[in-house]
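Shown next, in C-alpha cells, is the structure this report addresses.
Chain naming here is simple, since letters A, B, ... match the order of the sequence lines and numbering starts at 1 in each. Bear in mind the structure is a predicted one, so any value in this text is a computation, not a measurement. Side chains are part of it too, since the values below use all heavy atoms of this structure and drop only hydrogens, waters and symmetry mates.
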Amino acid sequence: MGTERKRKVSLFDVVDETSISLAKMSKSNGGGGAAANQNAVSSMINRWTGKPYSQRYYEILEKRKTLPVWHQKEEFLQALKASQSLILVGETGSGKTTQIPQFVLEAVNSESSDKRKKMMVACTQPRRVAAMSVSHRVAEEMDVTIGEEVGYSIRFEDCSSSRTVLKYLTDGMLLREAMTDPLLERYSVIILDEAHERTLATDVLFGLLKEVLRNRPDLKVVVMSATLEAEKFQGYFSGAPLMKVPGRLHPVEIFYTEEPERDYLEAAIRTVVQIHMYETPGDILVFLTGEEEIEDACRKINKEIGNLGDQVGPVKVVPLYSTLPPAMQQKIFDPAPPPVKEGGIPGRKIVVSTNIAETSLTIDGIVYVIDPGFAKQIVYNPRVRVESLLVSPISKASAHQRSGRAGRTQPGKCFRLYTEKSFQNDLQPQTYPEILRSNLANTVLTLKKLGIDDLVHFDFMDPPAPETLMRALEVLNYLGALDDDGNLTKLGEIMSEFPLDPQMSKMLVVSPEFSCSNEILSISAMLSDFLLCKHCPNCYICMQMLMHVVEVVMCQIRLSSATVLSREAQKAADEAKARFGHIDGDHLTLLNVYHAYKQNNEDPSWCYENFVNQRALKSADNVRQQLVRIMGRFNLKLCSTEFNSRDYYINIRKAMLAGYFMQVAHLERTGHYLTVKDNQVVHLHPSNCLDHKPEWVIYNEYVLTSRNFIRTVMDIRGEWLIDIAPHYYDLANFPQCEAKRVLEKLYRKREDKDENKNRR
DNA sequence: GAGCACTGC
C-alpha cells in the first residue's frame, strides 16, 4: 500500500515538471488544446523510469520509425496475441533484433498490468558480443540504464537486476538457467533470435520450449530467423503463424563462373586482381577456409598487385580469422588507402577472411564479395568417436549470407567461383545443424539434467543419428554419470553443473580423492580456455612473440613475413618449451605455465619477457575461478599433495586418467600407437613436450590432418588403467590386440601380488 | 617434426 502511494506521488511529481516544460513549449508553438496536452504529457513520460524522455530518445525514435519492422508493429502484436508461438523471418537490416523485444514488452505489460508479476522477456543470441552490444543499444533506445530495466547475461557476466524486464542472453546461458528453472518461470515471452544458425544450444532449446509451452499456457515463444527455413520452424511449432519482414540491403548482383574452377585459391586471387583493375572503387571481401590459406593468399595478392605497378591504385590486404590477436583483427576496420598521388587512382581494402565474416563480424564498405564456395566444417564420426575438420562445400543459405555482405552500404557484386548449375544442384539448401555433426556426450548430460529421460522420443527438430546418441549414453555410463538404466546419478548431477566436457568434469569431481583438486582445476582451466589456441601448449607463447615481432619489424613483414615470423616464433616456442616443458606430458606443462604466471603475480612484463600470452592466462584464471565456485557449491575439497612429495605428479596423472580413461593409446612393438579398443593408428602430435615415447598415453584430442594425430598427451602407467577404470578395461569385453595381452599380464601380476599379500 | 572453421556454458 505504502509503496504504491509513493510510486504515484513520484509519478505525479514528474508529470508536474514536464507540464511546466510543456507549457513553455506550447507557448512558443502557439499553444494547443488541454486534452492534447494531457496526452502529450503521458507520452513524454518514460513508463520504466517515471522520468521524462531525453532529447536523445526522440532522436533515436525517429530513426527507429524508419526500420522496416516498425511498419508491421500492429500486425506483429496481433499475431502475438492470437497464438502461443510465432515465427518471424527478417533479413539483415530489418531491425528485428532491437525492435521486436520492445514491441513484446509493450504488449505483455498492457495485457497483464494488474498481475504485477515480475516477469521478463528474454531474447537469445548465439554470441556474447551480440547479446552485449544489442542490449546496450536497446537500453539507449528505451532511455534506461543498462543493467536496470534492460540487461544482458553471458558467461562470467550478469548485467541485470531485479528491475530487469528485458534481458538479452546467449542461448547457452538460457539453457543453463533451464537447468535450475525447468519451466523458465521467470519469463513471460522467450524470443529465440538467429534461429537459422541452429547452434547446439538453440536446437536443444527448441525441443525444451516445445515441452514447456504445453505445461505453461501463459508462455509465448517467438522464433526469429533470417532465412526461408521458416516453413520448417512453422511445421515444428505446429503451424505457428509466420510473419515476414523485408530487409534493408542494397541489391547485390551475382556472377557465376562458366566452368568449374580447378583451383579455387588461384581463381580467388585472379578475381581479386581483375576487380582491382577493372571495377569501380569499393572494398573486397574474399572467403577462404583457414589461417594458412589466408596468409598465403594475402602474400600472393600483394605480390600480383605489386607487379602491376602504378597502373592500378594502392591496396591494403588484411587477413581475418578468429585466432588472430584482436589488435590485428581491428585492421579490417581501417579505411582503404588513399591514392598514391593527389587525384590518382583511389585505393582499395581487401579483406581475406574465414567464415567469421559471414556471421560474427560485419565490415561496412564492402562492395565486392568473392565466394569460392568452401568452408571448414566439423564432422563427427561416432564409430571411432572422432571429430574432425573438413573443407567442404557451403550451403545455399551460406552462399546467400556471403553475397549479402556486399550490399550493406551500396549496391554490390558477388562473384561465386562455381557454376550456377552447381549452385542449383550441388549445394544443399541449409548447412547441417550442429547437432547432427557433433559429439553429443555433453548435450545428453544436459538433457538428462533437464529431466528429459527418453532421448529417443525427444522432439528434436532434426534428430541426431541414433548411433551418436548411443555413443553419448555409453560414454556417460562409463564415466558413472548415468546408471545402467540411463538415469542420472548423483555424480552425473554434479558433473552437469560444470561448463566442461564430461571427461573433464569427471576428473575434476574426483580430483579431491587424489588430493590434487587445486592442480586439476588449473589444468582444466588451461585446457578449456577458448580464447586462443587451446590445444597446443606452444600457442600460449607464440602469439605474444608474433605480436612482438610485428612491432619490431613493422614494415619488413609484408615483404618477408613467412621467414621472419616463423623463425622467431619457433625460437620463442623452443625457449618456452625448455623453460616450462614437463617431460611427462603436455597437461603438466600447462600446469607449469600457470604456476609460473601466478608466482610472478600475473605480471604483464614477466609474461612478455617469457613469451607467455597474458590474455590467455588471464582468461584461464577467470575460468578457474568459476570452476572453484562450482566446486564450493558441492563441498568438493580444494587440496594439493605436498609439492616435494614423490606422489605430487603421480596423483595428478591418476586423477586425469579417472576422466580420460577412454582416450588412451598404446605404443605397439612396431613403434606406432594404437588407440585402445578402437584400434586406430595414431601419431603423437609433434607439438608435444615429452622426451620419450611412453608405452601408454592419454590424449586430450584426436585430430585428422595430414595424419591421425593425438594432441596434448600425457604418460600414464598400465597398472593405473586396471586400478582406476576396471569396468572399462574388463578384458572379457575387449578386442584382440597387443594392448590386451599387456593388460592380461598386468592383471596376472596384480593377482600374484594380492595372493602374496594374503599369504602374509 | 605439424599447422587449429566458429561459437558457447
> Hey, does the side chain of A:D586 reach the backbone of A:V713 with a donor-acceptor pair shorter than 3.5 angstrom?
Replying inline: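 Side chain of A:D586 to backbone of A:V713, a donor-acceptor pair under 3.5 Å: yes, one is there.
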> Does a nitrogen or oxygen in the side chain of A:T289 sit under 4.0 Å from OP1 or OP2 of B:dA5?
Replying inline: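 False: A:T289 side-chain N/O out of range (4.0 Å or more) of B:dA5 OP1/OP2.
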> Can you find a side chain N or O atom of A:T170 that sits less than 4.0 Å from OP1 or OP2 on B:dC9?
Replying inline: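 So the side chain of A:T170 is within the cut-off, an N or O lying under 4.0 Å from OP1 or OP2 of B:dC9.
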Report which part of the nucleic acid [X] touches: base, sugar-phosphate, or nothing (heavy-atom distance under 4.0 Å, all strands).
X	value
A:Q626	nothing
A:F709	sugar-phosphate
A:R176	base
A:E292	sugar-phosphate

Using the side-chain heavy atoms of [X], tell me which of these nucleotides is nearest: [options].
X	options	value
A:P686	B:dG8, B:dC4, B:dA2	B:dA2
A:T354	B:dG8, B:dC6, B:dC9	B:dC6
A:I378	B:dC6, B:dA5, B:dC9	B:dA5
A:I356	B:dC9, B:dC6, B:dC4	B:dC6
A:R707	B:dA2, B:dT7, B:dA5	B:dA2
A:I154	B:dA5, B:dC9, B:dT7	B:dC9

>> Does either side chain, that of A:Y673 or that of A:K693, offer a donor lying less than 3.5 Å from an acceptor on the other one?
In response: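 Checked: A:Y673/A:K693 side chains show no N/O donor-acceptor pair below 3.5 Å.
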>> Please determine whether side chain to side chain contact (heavy atoms under 4.5 Å, CB included) holds for the pair A:R127 and A:E197, giving the CA-CA distance in whole Å, both sets of side-chain angles, and the decisive distance to 0.1 Å.
In response: CA-CA 11 Å; A:R127 282 167 291 277; A:E197 287 196 30; 2.7 Å; yes
> Angle class for the A:F423/A:Y418 ring planes (parallel below 30°, perpendicular above 60°, tilted otherwise)?
Replying inline: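 A:F423 vs A:Y418 ring planes: parallel.
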